[in-house]
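Okay, structure first, notes after.
Each chain gets a letter, A, B and so on, in the order its sequence line appears, and its residues count up from 1.
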Amino acid sequence: MPPKKRTRSKSTRHDAQLCEGSDDVAQLKTGKRNRSAAVTSDVEKNKNDDAIKSSYSHWLMKSEPESRIENGVDVKFGIEDLKALPSQTGCWDGVRNYQARNFMRDMKVGQQAFFYHSNCKEPGIAGLMKIVKEAYVDHTQFDKKDVHYDPSSKADNPKWSMVDVQFERMTKRFIPLTELKKYHLQHKAKGGPLKDMALFTRARLSVQPLTSEEFDFVLSLENEDPI
DNA sequence: GCCAACGTTGGC
DNA sequence: GCCAACGTTGGC
């Protein structure tokens, strides 16, 4: 990979800010994962957490496709902007929420994610991308000029991570939030794959996991007429 | 542009 | 460690 060069396009507020993908940033060390196992129930709980975590295999990532100026910078970054990058690949920087960050740290190369358009005229799923590089240090946390500069993060113990994503394809049709919501309500009432979808149960989370069942159902909608 | 929901901060 | 105040998200 060439030396990293930010393509100053960007996405959602706390969500993600995209730049050209890069390999020249040190991999994030997961040095603090070993917890002392003083209490058996804690050990079991951690095992369960890990099992649940590793069961997530698909993702939904939000970004803003319409121009909006934040601290003097346009945060627009829609799926077309990802597609336009070299190798159609960018790093999903700018995530400043711990849960969203942790989900990114769980991502594995090759996994698929929905590209979700948020805070725009028509919110919804626009396409598919895949993870091409697992979590590493988000350099923008140290950049004073960056919208998502975090003065509390120290170089010897970075707080924030990002992954690289590559455009895969547009969905055959745009799948609007309103439609997903109808299914969610329907499934909540009578059962169905979207009854617990994070998009509705964890509305403000910018990086969210989907179960295979959720992912498959949402993807199947591209072959159906809108409801 | 409004504002409900909810995550974060900081005083105590 | 509680919780009120504050800030952000994101649909509408």
Side-chain angles (χ1 to χ4, degrees), chain A residues 9-18 32 35 38-39 42 45 49 52-53 56 59-82 92-106 113-127 129 135 138 140-154 157-163 165 171 173-189 194-210 214 218 221 226-227:
Chain A
S9 45
K10 115 113 233 199
S11 70
T12 331
R13 307 183 174 181
H14 67 317
D15 302 4
Q17 183 159 15
L18 272 280
K32 292 224 209 151
R35 301 251 233 84
V39 182
D42 277 355
K45 187 169 176 294
D49 286 352
I52 290 163
K53 247 168 44 175
Y56 291 128
W59 312 96
L60 179 150
M61 302 169 87
K62 300 178 183 176
S63 187
E64 300 185 38
E66 293 172 6
S67 283
R68 189 176 60 79
I69 307 301
E70 186 179 333
N71 301 337
V73 179
D74 192 352
V75 297
K76 168 187 186 301
F77 193 90
I79 193 163
E80 297 295 345
D81 298 299
L82 175 62
W92 205 267
D93 64 340
V95 171
R96 296 293 181 268
N97 169 280
Y98 289 108
Q99 284 193 322
R101 179 203 68 180
N102 292 344
F103 284 130
M104 284 204 297
R105 289 181 178 180
D106 290 337
F114 287 124
F115 196 121
Y116 178 89
H117 281 170
S118 69
N119 203 25
C120 56
K121 195 179 289 180
E122 210 187 3
I125 291 169
M129 50 192 173
D138 177 349
T140 67
Q141 66 197 294
F142 304 122
D143 180 358
K144 288 193 170 65
K145 295 188 200 66
D146 195 276
V147 183
H148 297 111
Y149 171 61
D150 181 356
S152 74
S153 183
K154 301 299 169 212
N157 188 19
K159 279 189 181 175
W160 306 110
S161 304
M162 62 187 182
V163 295
V165 294
T171 44
R173 66 176 178 90
F174 182 81
I175 303 172
L177 175 65
T178 52
E179 183 177 343
L180 293 169
K181 185 150 199 178
K182 286 178 197 166
Y183 282 110
H184 167 64
L185 292 173
Q186 204 171 294
H187 293 182
K188 213 167 59 161
L194 299 196
K195 66 179 161 61
D196 297 319
M197 194 184 185
L199 193 56
F200 306 104
T201 59
R202 310 289 331 281
R204 296 179 50 191
L205 198 54
S206 67
V207 176
Q208 17 182 287
L210 286 85
E214 289 167 340
V218 171
L221 296 178
I227 61 165

Expressed as a whole number of angstroms, how long is the span from A:N119:CG to C:dC12:C1'? 11 Å

What is the distance from CG of A:L180 to C1' of C:dC12, rounded to the nearest Å? 17 Å

Think A:Y116 has a side-chain N or O under 4.0 angstrom from the OP1 or OP2 of C:dG11? yes

Would you say the side chains of A:E64 and A:S118 form a donor-acceptor pair under 3.5 Å? no

Length of the CG-P vector between A:L205 and C:dT9, whole Å: 12 Å

Before we go on, tell me: are the rings of A:W160 and A:F142 under 6.0 Å apart, centre to centre? no

Proximal nucleotide (of B:dG7, C:dC12, B:dT8) relative to the A:L177 side chain: C:dC12

Just how far, in rounded Å, is P of B:dA5 from CG of A:L199? 17 Å

So, is A:K62 close to the C:dT9 phosphate, meaning a side-chain N or O under 4.0 Å from OP1 or OP2? no

Would one find a side-chain N or O of A:R204 under 4.0 angstrom from OP1 or OP2 of B:dA4? no

Rounded interatomic separation in angstrom, taking CE from A:M61 and P from C:dG10: 13 Å

Whole angstroms only, please: what is the CD-P distance between A:Q99 and C:dT9? 15 Å

Would you mind reading off the distance between A:F200 atom CZ and C:dG11 atom P, rounded to a whole angstrom? 10 Å

Step-by-step salt bridge (Lys or Arg N to Asp or Glu O under 4.0 Å) determination, A:D138 to A:R96: CA-CA 10 Å; A:D138 177 349; A:R96 296 293 181 268; 2.9 Å; yes

Between A:S161 and A:R105, is any side-chain donor less than 3.5 angstrom from a side-chain acceptor? yes

Return the value, rounded to whole Å, for the distance between atom CD of A:E70 and atom P of C:dG10. 11 Å

